[in-house]
Amino acid sequence: LFFDMTGFTQMTTTLMQQEKKGAEILSQLLKDLFGRIVDVIHKQGGFISTFAGDAATAIFPETNSGNVFDAAIKIRKIFDDLHIQQTEFGEFILDVRIGIDAGILNWGIFSFEKNSTFFFKGEPIDGAARAEHIADKRQIIATENVRSLSLPESYALHEIEEYFYSIHVQDQQASRI
């Protein structure tokens, strides 16, 4: 799963002009927002492999692969609830675009001097990023590869173009997850 926030650059630019107070507000907003997102991903059995500014990649091991759909819907719900951020320096509109792909990843450990970090690479990461790039605000786009996952009955895939599908909740009960 790859997600990217929109509105982040404008918010950061405006708040950083306010020096220390703006930086404190930005830090708290990001802590609150990313904290909720990371919590959702962990509760659904995934983990964050990479943060890049206002974007992140989450990995869901095969045993939890079906949970990626619930995580995406819950992340979108966070932005349904918190997309307007009101501060003393103005109102900011934040949104999210989400891409999902499935497949086999490669991973390794990169070491330099006394520091080491994990890295992940592979077509599913690239595919999730491509899916996110064609998503509209608060839209979840998946690649053809997700059809191999166990899609919960409450979700439907609707083809939007060759290889890419929009994910939708099929009934009202499922939208309250």
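In what follows, residues are counted from 1 in the order of the sequence shown. Source: prediction; values computed, not measured.
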(message) Test of understanding: with salt bridge (Lys or Arg N to Asp or Glu O under 4.0 Å), list the residues that count as partners of Asp80, not counting sequence neighbours.
(response) Arg138
(message) Going by the rule side chain to side chain donor-acceptor pair (under 3.5 Å), which residues pair with Asn106 if we only count those two or more places apart in sequence or in a different chain?
(response) none
(request) Among Ile, Leu, Val, Met, Phe, Trp and Tyr joined by side-chain contacts under 4.5 Å, find the other residues sharing a cluster with Phe110 and list them by chain and number. (result) Phe112, Phe119
(request) Sequence neighbours left out, what pairs pass side chain to side chain donor-acceptor pair (under 3.5 Å) with at least one residue falling in residues 24-34? (result) Gln28-Asp32
(request) Identify, with sequence neighbours excluded, every residue that meets ring-ring contact (aromatic ring centres under 6.0 Å, His included) alongside His168. (result) His158
(request) Ignoring hydrogens and angles, state whether a donor on the side chain of Glu144 or Tyr165 is under 3.5 Å from an acceptor on the partner side chain. (result) yes
(request) Sequence neighbours left out, what pairs pass salt bridge (Lys or Arg N to Asp or Glu O under 4.0 Å) with at least one residue falling in residues 101-126? (result) Glu123-Arg130
(request) Applying side chain to side chain contact (heavy atoms under 4.5 Å, CB included), name anything that partners Ala72, two or more places apart in sequence or on another chain. (result) Leu1, Ile98, Ile100, Ile140
(message) Going by side chain to side chain donor-acceptor pair (under 3.5 Å), name the residues that satisfy it together with Ser111, two or more places apart in sequence or in a different chain.
(response) Ser116
(message) For Arg36, give me all partners under salt bridge (Lys or Arg N to Asp or Glu O under 4.0 Å), at least two apart in sequence or on another chain.
(response) none
(message) If you count heavy atoms of other groups shown closer than 6.0 angstrom to CD of Glu62, is the number above 12?
(response) no
Identify every side-chain donor-acceptor pair in residues 8-21 under 3.5 Å, counting partners at least two apart or on other chains, and give the distances.
from	atom 1	to	atom 2	distance (Å)
Thr12	OG1	Phe8	O	2.9
Thr13	OG1	Thr9	O	2.9
Thr14	OG1	Gln10	O	3.0

Under 3.5 Å donor-acceptor pairs involving side-chain atoms of residues 46-56, not counting sequence neighbours:
from	atom 1	to	atom 2	distance (Å)
Ser49	OG	Thr57	O	3.4

(message) Between Asp81 and Lys77, does any NZ, NE, NH1 or NH2 come within less than 4.0 Å of an OD or OE carboxylate oxygen?
(response) yes
(message) Looking at every heavy atom in both Arg76 and Val169, which two are closest together, and how far apart are they?
(response) NH2-CG2, 4.3 Å
(request) Please name all residues satisfying salt bridge (Lys or Arg N to Asp or Glu O under 4.0 Å) with Lys43, sequence neighbours left out, ordered by chain then number. (result) Asp39
